[in-house]
2 protein chains.
Amino acid sequence: MTQGEAAPRSTRSRPTMREVAALAGVAIKTVSRVFNGVPTVDPAIVTRVREAADKLGYRPNLTASSLRRGDGRTATIGMLVEDAANPFSAVLTRTVENVARKRGVLVLVGSLDEDPSRERELAQALIDRRVDGLVIVPAGRDQSYLINEQHTGTRMVFVDREAGLLDADAVVSENRQGALTAVNHLLKAGHRRIAYLGDRASIPTAAQRFDGYRHALEVAHIAYDDEIVRHVGSSEEAAIAATEQVLSLPDPPTALFTSQNFVTIGAVRALRAMGLQDTVAQVGFDDFPLADILSPGISVIAQDVEQVGRTAAEMLFHRLDGDESPTRTVTVPTRLIERGSGEIPAEGPCHD
Amino acid sequence: MTQGEAAPRSTRSRPTMREVAALAGVAIKTVSRVFNGVPTVDPAIVTRVREAADKLGYRPNLTASSLRRGDGRTATIGMLVEDAANPFSAVLTRTVENVARKRGVLVLVGSLDEDPSRERELAQALIDRRVDGLVIVPAGRDQSYLINEQHTGTRMVFVDREAGLLDADAVVSENRQGALTAVNHLLKAGHRRIAYLGDRASIPTAAQRFDGYRHALEVAHIAYDDEIVRHVGSSEEAAIAATEQVLSLPDPPTALFTSQNFVTIGAVRALRAMGLQDTVAQVGFDDFPLADILSPGISVIAQDVEQVGRTAAEMLFHRLDGDESPTRTVTVPTRLIERGSGEIPAEGPCHD
DNA sequence: CGACGCTGAGACAACGTTGACTGGGCGAGA
DNA sequence: TCTCGCCCAGTCAACGTTGTCTCAGCGTCG
């Protein structure tokens with residue numbers, strides 16, 4: 001079965017419009033018209049071109065197309081999240097993808113790991129690929145490096161945190177109000193000594209939640225005590241340690257407000273390890289899978305991540321459709337889910 | 001403050017090499033050389049060009065560059081997973097991203113939702129953007145539509161499931177062996193009546209796990225009984241219903257092997273709802289967060305998702321680096337994690 | 001019956017960049 | 001002194017596609 005083809009099994013080069021045109025016996029431009037659905041092409045020629053294209057396995061080159069065509073659109077957007085593997089980012093990515101899909105737009109994803117320099121690098125990498133727009137959960141506090149890109153037509157929406165030193169659209173969760181609700185809920189159960197365990201205060205969302213915590217205490221005329229306040233970062237281990245420390249104080253808290261996912265889970269672990277899960281109340285910020293199945297179930301302030309992602313994507317595409325209205329920040333509400341841990345009453349005498 | 005600029009605040013067009021060249025007083029080609037780090041450029045000119053570029057906010061256009069340059073590389077790969085929001089896919093995406101990052105390669109992500117037609121569409125969309133390579137968790141059983149692309153140089157690696165009707169690299173978990181281990185573990189605890197609850201049998205991984213289940217029973221000389229076998233799909237609700245049904249049989253199983261994540265969680269819920277979590281043993285396939293914190297902890301066969309993703313990405317990049325060796329399938333081992341639920345002994349008399 | 005408009009297809013240049021080649025200036029060796 | 005070759009920057013065309021323009025063919029109307 002010796003054939004003429006002596007090629008080493010591998011790489012032909014990919015067929016182009018030129019070859020399709022040659023095979024169909026038409027001009028390149030006509031092939032272009034066919035693939036762009038221009039109606040003024042003889043149906044007979046259309047089928048001839050399509051057949052030639054199928055035979056050759058031709059696929060249009062979108063990068064060449066976007067280079068030449070007027071709007072320069074690549075039908076691709078960039079998405080920068082904290083970590084593609086964590087549930088918040090993953091859900092966000094998926095909802096943005098869902099909105100993009102309806103428009104034939106694909107999503108480039110990058111993880112920042114809370115590193116501002118990585119944010120810049122990846123944003124640049126996306127811009128170098130001429131994405132039509134960006135959805136960013138910013139790691140740094142200064143996005144002014146994007147001013148140029150904004151002026152040259154790259155649309156962008158910030159998520160979870162607003163942009164710093166840049167006038168841009170944003171979609172955020174109701175962080176301060178959510179935290180307030182959480183702490184008020186614990187106050188209602190009679191708690192007067194409520195610990196705050198959260199992410200580093202340098203992270204804007206954490207700062208806002210902390211602010212809500214302080215405000216709730218203030219309104220309730222409870223003195224702020226930084227002995228029972230820990231900004232631990234977002235690792236479970238650190239949260240476990242902090243929880244143990246706080247509960248080992250001479251005057252330990254009777255309730256915990258844990259303001260971030262991994263911190264919440266760390267605290268859950270620590271409470272169970274100490275056998276205090278039915279004694280010390282807890283409300284966490286951000287829901288997590290199986291929170292309902294533990295005993296007690298973990299009460300949380302749930303963010304509507306899907307809503308956040310969907311809104312952000314829709315805002316971005318509106319901008320791409322030509323919306324030139326002033327930038328705005330949309331706040332998505334949170335809601336309290338009572339599951340048991342947040343409803344544990346305060347023990348001991350009431351001090352008022 | 002009336003200025004000459006009457007422009008409506010918005011969209012300048014993005015500067016090109018031409019403009020940088022004009023401002024720096026050099027030829028376009030020299031700008032190109034500077035940005036490609038060609039060493040034979042006068043250092044004085046290099047700084048002149050860089051300054052001009054900075055002043056204009058110039059950023060190279062990678063799509064134009066990849067169109068012109070010889071290898072046609074876009075420094076972008078495509079990744080098709082089942083659902084970017086689920087933990088398995090999310091971790092996979094992240095590990096692939098990590099390997100890609102080291103090479104300055106970005107990742108386009110798409111979710112297939114187990115829909116073969118969507119797999120084709122998205123694969124085509126990625127190819128139209130001329131990605132350098134593809135990492136695919138296939139939804140369908142026939143990937144022959146990719147043969148052309150394979151021959152024209154698009155590299156691809158399949159993950160979690162092998163490609164159908166296509167000779168391609170793959171990285172899979174040890175499904176059959178893992179299931180075997182799970183069932184053997186339950187047998188060792190004295191169980192003779194072990195239910196199988198898993199995803200639809202049309203999904204290759206589910207079929208392999210089911211195969212492992214049957215094989216383990218066979219070796220142990222236990223008759224197969226399809227009364228206690230349910231292929232329920234991957235929804236928690238369906239798994240809950242199936243678990244309840246199976247346990248309501250006249251001769252209910254004393255142990256469950258749940259062969260997929262959501263099925264495992266559904267069964268956990270059902271067992272708790274029925275108060276049987278300390279009576280009926282369970283081993284699940286695939287680990288999940290908080291499995292250790294439940295009581296009893298849920299014993300699982302854990303897949304090494306990071307290892308799977310890393311291996312796949314590395315294989316892809318080896319191919320891109322010119323590796324032309326025969327295609328191969330790498331199997332990544334699983335491991336049993338004992339946490340309590342799988343070690344609950346069988347009640348009642350032993351039948352042998 | 002000739003000018004006119006319309007329909008459908010091709011020619012040409014250009015998008016922003018880089019590969020291949022060219023050419024001027026200058027030092028070294030014959 | 002002249003040539004050779006090297007160094008560095010420039011010119012030109014091309015990557016695959018599409019916007020603009022042109023043009024052939026044909027039916028219509030005054």
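The chains referred to below are lettered A, B, ... by the order of the sequence lines, with proteins before strands, and numbering in each begins at 1. Because only heavy atoms are used, hydrogens play no part in the values below, and waters and symmetry mates are left out as well, while side chains stay in. No experiment lies behind these values; they were computed from the predicted model shown.
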Do A/Leu106 and B/Leu122 come close enough that some side-chain heavy atom pair is under 4.5 Å?
yes

Any residue meeting side chain to side chain donor-acceptor pair (under 3.5 Å) with A/Glu121, in chain and number order, not counting sequence neighbours
none

Do B/Ser32 and B/Met17 make a side-chain contact, defined as non-hydrogen atoms from C-beta onward lying under 4.5 Å apart?
yes

The criterion is side chain to side chain donor-acceptor pair (under 3.5 Å); which residues satisfy it with A/Arg18, sequence neighbours excluded?
none

Are the side chains of B/Gln150 and B/Leu166 in touch, meaning some heavy atoms are under 4.5 Å apart?
yes

For chain B, the stretch of DNA chain C it reaches, first to last nucleotide, under 4.0 Å of its heavy atoms
C/dC15 to C/dA20

The helix from C/dC1-D/dG30 to C/dA30-D/dT1: angle between end helix axes, five pairs per end, rounded to 10 degrees:
70°

Which atom pairs link the protein and nucleotides 24-28 of chain D when you take only N or O atoms and keep those under 3.5 Å?
none

Give me the residues of residues 44-54 of chain A where at least one heavy atom lies under 4.0 Å from an atom of DNA chain C, by number, or none.
A/Ile45

Here the residues of residues 57-66 of chain A within 4.0 Å heavy-atom distance, strictly under, of DNA chain D are A/Tyr58, A/Pro60, A/Asn61, A/Ala64, A/Ser65

Side-chain donor-acceptor pair under 3.5 Å between A/Gln307 and A/Thr311, yes or no?
yes

For A/Asn98, what residues pass the side chain to side chain contact (heavy atoms under 4.5 Å, CB included) criterion, not counting sequence neighbours?
A/Arg94, A/Arg101

Contact check, side chains of B/Leu62 and B/Thr74, non-hydrogen atoms, under 4.5 Å:
no

In terms of heavy-atom contacts, A/Arg310 and A/Thr95 come closest through N-OG1, 4.0 Å

With salt bridge (Lys or Arg N to Asp or Glu O under 4.0 Å) as the rule and sequence neighbours excluded, what pairs involving residues 124-138 of chain B come up?
A/Arg59-B/Asp128

What donor-acceptor contacts under 3.5 angstrom involve side-chain atoms of residues 40-56 of chain A, with partners at least two apart or in another chain?
from	atom 1	to	atom 2	distance (Å)
A/Asp42	OD1	A/Ala44	N	2.8
A/Thr47	OG1	A/Ala44	O	2.8
A/Arg48	NH1	A/Ala24	O	2.4

Does a donor on one side chain and an acceptor on the other come within less than 3.5 Å for A/Asp167 and A/Thr327?
yes

If you take all heavy atoms of A/Arg319 and A/Ser325, which pair is closest and at what distance?
NH1-O, 2.6 Å

Checking B/Asp160 now: which residues fulfil side chain to side chain donor-acceptor pair (under 3.5 Å) with it, not counting sequence neighbours?
none

Close residues, residues 18-43 of chain B, relative to DNA chain D [heavy-atom separation under 4.0 Å]
B/Val26, B/Ala27, B/Lys29, B/Thr30, B/Arg33, B/Thr40, B/Val41, B/Asp42

Please report the interatomic distance CZ(B/Arg14) to CG(B/Asn61), rounded to the nearest 0.5 Å.
8.5 Å

If you define the side chain from C-beta out and look only at heavy atoms, does anything of B/Arg161 sit under 4.5 Å from B/Val172?
no

Test salt bridge (Lys or Arg N to Asp or Glu O under 4.0 Å) on B/Arg328 and B/Glu162 and set out the steps.
CA-CA 10 Å; B/Arg328 63 206 180 97; B/Glu162 296 184 75; over 6 Å; no

